[in-house]
**Student:** 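Take a look at this one; I'll ask things after.
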2 protein chains.
Amino acid sequence: MIPETDSRGAQIGEEDGVGPAQAAGPRKRKRLPRNEREQMIVEEAIRFFAEVGFEGQTRELARRLGITQPLIFRYFPTKEDLIERVYQEVYLSRWDPRWEELLEDRDLPLGKRLTEFYKAYTKAIFTYEWVRIFVYSGLKGVNINKRYLALIRDRVFKRVMTELRAAHGLPSPDDVPFSEAELELAWGLHGSIFYIAIRKWIYEVEIPSDIEGVIAAEVENFVLGAPAVVERMISVRG
Amino acid sequence: MIPETDSRGAQIGEEDGVGPAQAAGPRKRKRLPRNEREQMIVEEAIRFFAEVGFEGQTRELARRLGITQPLIFRYFPTKEDLIERVYQEVYLSRWDPRWEELLEDRDLPLGKRLTEFYKAYTKAIFTYEWVRIFVYSGLKGVNINKRYLALIRDRVFKRVMTELRAAHGLPSPDDVPFSEAELELAWGLHGSIFYIAIRKWIYEVEIPSDIEGVIAAEVENFVLGAPAVVERMISVRG
DNA sequence: CATTTTTCTGATCAAGCGCTAATTTACAGT
DNA sequence: ACTGTAAATTAGCGCTTGATCAGAAAAATG
């Protein structure tokens, strides 16, 4: 998983099928059906904005696509509309509802569930494009970002802490609701893992090759350490 | 610590002494000594670039300073020079060498040392300006960023793992060198804490008011869970 | 082949960008 | 109060930016 990649995170040597002719010569004019061209623009825009940020210029994007700049505006009335579409494309349908079932599957030990979840999760979103678009849009203060974080809190962190309690015979959140601090432990596990992606694609420094091993170790650390912390939190208040 | 702030992280109502007249009326021309004006520009540039990124325009910066735009160029030959100066100002001299001594003070239990270190560390760098400038410069691929991360790895993470081993009678790194995976545990603790800052100043979502309590809990989790993980890592390799 | 349809390009605009040069003006030293 | 000096402004240059629009050209249709 997470194969050897270049700094963009794309397979080395990749020049994917749909991909544009980067720095192609004066290609003959080619007409494409509306949907196809549109998709082409969106996909290259994702790569492009992920690389340089949303202030990247439409002329440079057009050059990478091997088309003229005004053509972009025949598909998206404004640059902002294109950016909005990029958000949709990046965030949409990368969420797998089966993750939530996995976290609740008490036939498996909690540690196993967590490693499996984070393996799947990181496989889906640990990409150059996703991580950088997420951070760029965060810096811009875009709303979709905050909605995503709320989703993760409700669908993942609450589940994780519910299961952690159950695994150690502690009261369910129905009886003793979560404190801010308790949920924060799940944020902590998540942060320790997501920070790997930040190091790789935002700071662009070397990270361990064996990401899955690191995830397993972080989860192990969490499973060994967190229950006692939760127990203390509950007993102190109760 | 970390008082109630607005989204910029500045005290609400603050309009600090040196600060510029935001949106001031047509102020009378005011002459300042060279050093003073220079400092003024740098400080506002930090706030400004932290907010909008390094593509923020010199005209807007000048407006916030209550000066004309060409004046900036009498102090900094190019915009890039000003940005370079911003890096220096932000990163320089926020590192306290006493932190390193604290981590090695074996009169204190390791958990206590770690909480004290992270309290001090976050107090120094958990600011709107530092965190956002750090991420913006990371996205830009600036070198100073990578140097900072190398500093933290050598001065903090290696120390933390050395102390963790010592506290549990495990071999010193001189005898059994650190594996990538082992150092990664310290990265994990760091990530779980730094991610709080990212949530607050990059994503700009609500975070717990009691940061120190969260830090204490993360450290507790680490101290309870990590030793067993390290022990396994060492024994597996022989 | 001729005609229609629709994609795509070339030329261009108005606004905004970093930066420069000439000029004005606040203040210190006498 | 006068004068010299250096801080500050005014005006503007050359280039880039997102966006417009008339017309060229490729495919679809008959």
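Letters A, B, ... mirror the listed sequences (proteins, then strands); counts begin at 1.
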**Student:** Ring of A/F54, cation from A/K140 - is the NZ or CZ under 6.0 Å from the centre and inside 45° of the axis?
**Tutor:**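 Pair A/K140/A/F54 counts as cation-pi.
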**Student:** On the ring face of A/W187, is B/R199 found with NZ or CZ under 6.0 Å from the centre and within 45° of the axis?
**Tutor:**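 Because its charged atom sits under 6.0 Å from the ring centre and within 45° of the axis, B/R199 does stack over A/W187.
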**Student:** Is A/R37 near enough to C/dC8 that one of its side-chain N or O atoms lies under 4.0 angstrom from OP1 or OP2?
**Tutor:**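 Yes, because at least one side-chain N or O of A/R37 sits under 4.0 Å from OP1 or OP2 of C/dC8.
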**Student:** Would you list the protein and nucleotides 20-24 of chain C atom pairs, both N or O, that sit under 3.5 Å from each other?
**Tutor:**
| residue | atom | partner | partner atom | Å |
| --- | --- | --- | --- | --- |
| C/dT24 | O2 | B/R29 | NH1 | 3.0 |

**Student:** Could you label the plane-to-plane angle of the A/Y118 and A/Y121 rings as parallel, tilted or perpendicular, counting under 30° as parallel and over 60° as perpendicular?
**Tutor:**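 Answer is perpendicular, since the angle exceeds 60°.
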**Student:** Is it true that the NZ or CZ of A/R34 lies under 6.0 Å from the centre of A/Y75's six-membered ring and within 45 degrees of the ring axis?
**Tutor:**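 Positive - A/R34 is close enough to the ring of A/Y75 and near enough to its axis.
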**Student:** Give me, pair by pair, the N or O atoms of the protein and of nucleotides 1-3 of chain D that are less than 3.5 Å apart, along with how far apart they are.
**Tutor:**
none

**Student:** Can you measure A/I72 atom CD1 to D/dT17 atom P for me and round it to whole angstrom units?
**Tutor:**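 After rounding, the gap between these two atoms is 12 Å.
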**Student:** Does the separation of the ring centres of A/W130 and A/Y148 fall below 6.0 angstrom?
**Tutor:**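 Yes, the ring centres sit under 6.0 Å apart.
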**Student:** Is B/Y75 touching bases, backbone alone, or none of the nucleic acid, heavy atoms closer than 4.0 Å?
**Tutor:**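 Result for B/Y75 = sugar-phosphate.
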**Student:** Between A/S192 and B/Y195, do the side chains contain a donor N or O and an acceptor N or O under 3.5 Å apart?
**Tutor:**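 No, no side-chain donor-acceptor contact under 3.5 Å.
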**Student:** Regarding D/dA6, can its base be found pairing with the side chain of B/R31 as donor and acceptor, where the two atoms are less than 3.5 Å apart?
**Tutor:**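 When only heavy-atom distances are counted, B/R31 does reach the base of D/dA6 through a donor-acceptor pair under 3.5 Å.
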**Student:** Just by distance, do the side chain of B/R132 and the backbone of B/W201 share a donor-acceptor pair under 3.5 Å?
**Tutor:**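 Indeed, once roles are kept as given, a pair shorter than 3.5 Å links the two residues.
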**Student:** Just so I know, are the side chains of B/E60 and B/R63 near enough to count as touching, which here means a heavy-atom distance under 4.5 Å?
**Tutor:**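 Yes - at least one pair of side-chain heavy atoms lies under 4.5 Å apart.
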**Student:** Do we get B/R155 above B/W99's six-membered ring, with its NZ or CZ under 6.0 Å from the centre and within 45° of the axis?
**Tutor:**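 Not satisfied by the 6.0 Å and 45° rule.
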**Student:** Distance criterion of 3.5 Å, no angle test: do you see the side chain of B/R59 paired donor-to-acceptor with the base of C/dG18?
**Tutor:**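 Answer is yes: a donor-acceptor pair is held.
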**Student:** May I have the distance from A/L32 (atom CG) to D/dA28 (atom C1'), rounded to whole angstrom?
**Tutor:**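 Interatomic distance, CG of A/L32 to C1' of D/dA28: 15 Å.
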**Student:** Name the nucleic acid region contacted by B/T58, choosing base, sugar-phosphate or nothing; use a 4.0 angstrom heavy-atom cut-off, strictly under.
**Tutor:**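 Since only primed, P, OP1 and OP2 atoms lie under 4.0 Å of B/T58, the category is sugar-phosphate.
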**Student:** For B/E36 and C/dA26, what is the distance between atoms CD and C1' respectively, to the nearest whole Å?
**Tutor:**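 My rounded result for the distance is 15 Å.
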**Student:** Which residues in residues 78-90 of chain B have a heavy atom closer than 4.0 Å to any atom of DNA chain C?
**Tutor:**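 Per residue number, the list reads B/T78, B/K79.
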**Student:** What is the distance, rounded to the nearest whole Å, between atom CG of A/L71 and atom C1' of D/dA19?
**Tutor:**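 So the CG-C1' distance, A/L71 to D/dA19, works out to 14 Å.
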**Student:** Does B/M40 form a side-chain contact (heavy atoms from CB on, under 4.5 Å) with B/L65? I'd like the steps, not just the answer.
**Tutor:** CA-CA 8 Å; B/M40 198 171 156; B/L65 279 158; 4.1 Å; yes
**Student:** Roughly how many Å is it from NZ in A/K30 to C1' in C/dT9, rounded to a whole number?
**Tutor:**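 To the nearest whole Å, that distance equals 17 Å.
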**Student:** From CD of B/E55 over to C1' of D/dG18, roughly how many Å is that when rounded to an integer?
**Tutor:**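 Atom-to-atom, B/E55 to D/dG18, this comes out as 15 Å.
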**Student:** Whether B/E44 and B/R47 form a salt bridge (side-chain N of Lys/Arg under 4.0 Å from carboxylate O of Asp/Glu) is what I want to check.
**Tutor:**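 Counted as a salt bridge, because a side-chain N and a carboxylate O are separated by less than 4.0 Å.
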**Student:** Would A/E43 and A/Q39 count as having a side-chain donor-acceptor pair, cut-off 3.5 Å?
**Tutor:**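 Side chains of A/E43 and A/Q39: pair found under 3.5 Å.
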**Student:** Using atom CZ of B/R34 as one end and atom C1' of C/dA28 as the other, report the distance to the nearest whole Å.
**Tutor:**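 About 17 Å, once rounded to whole Å.
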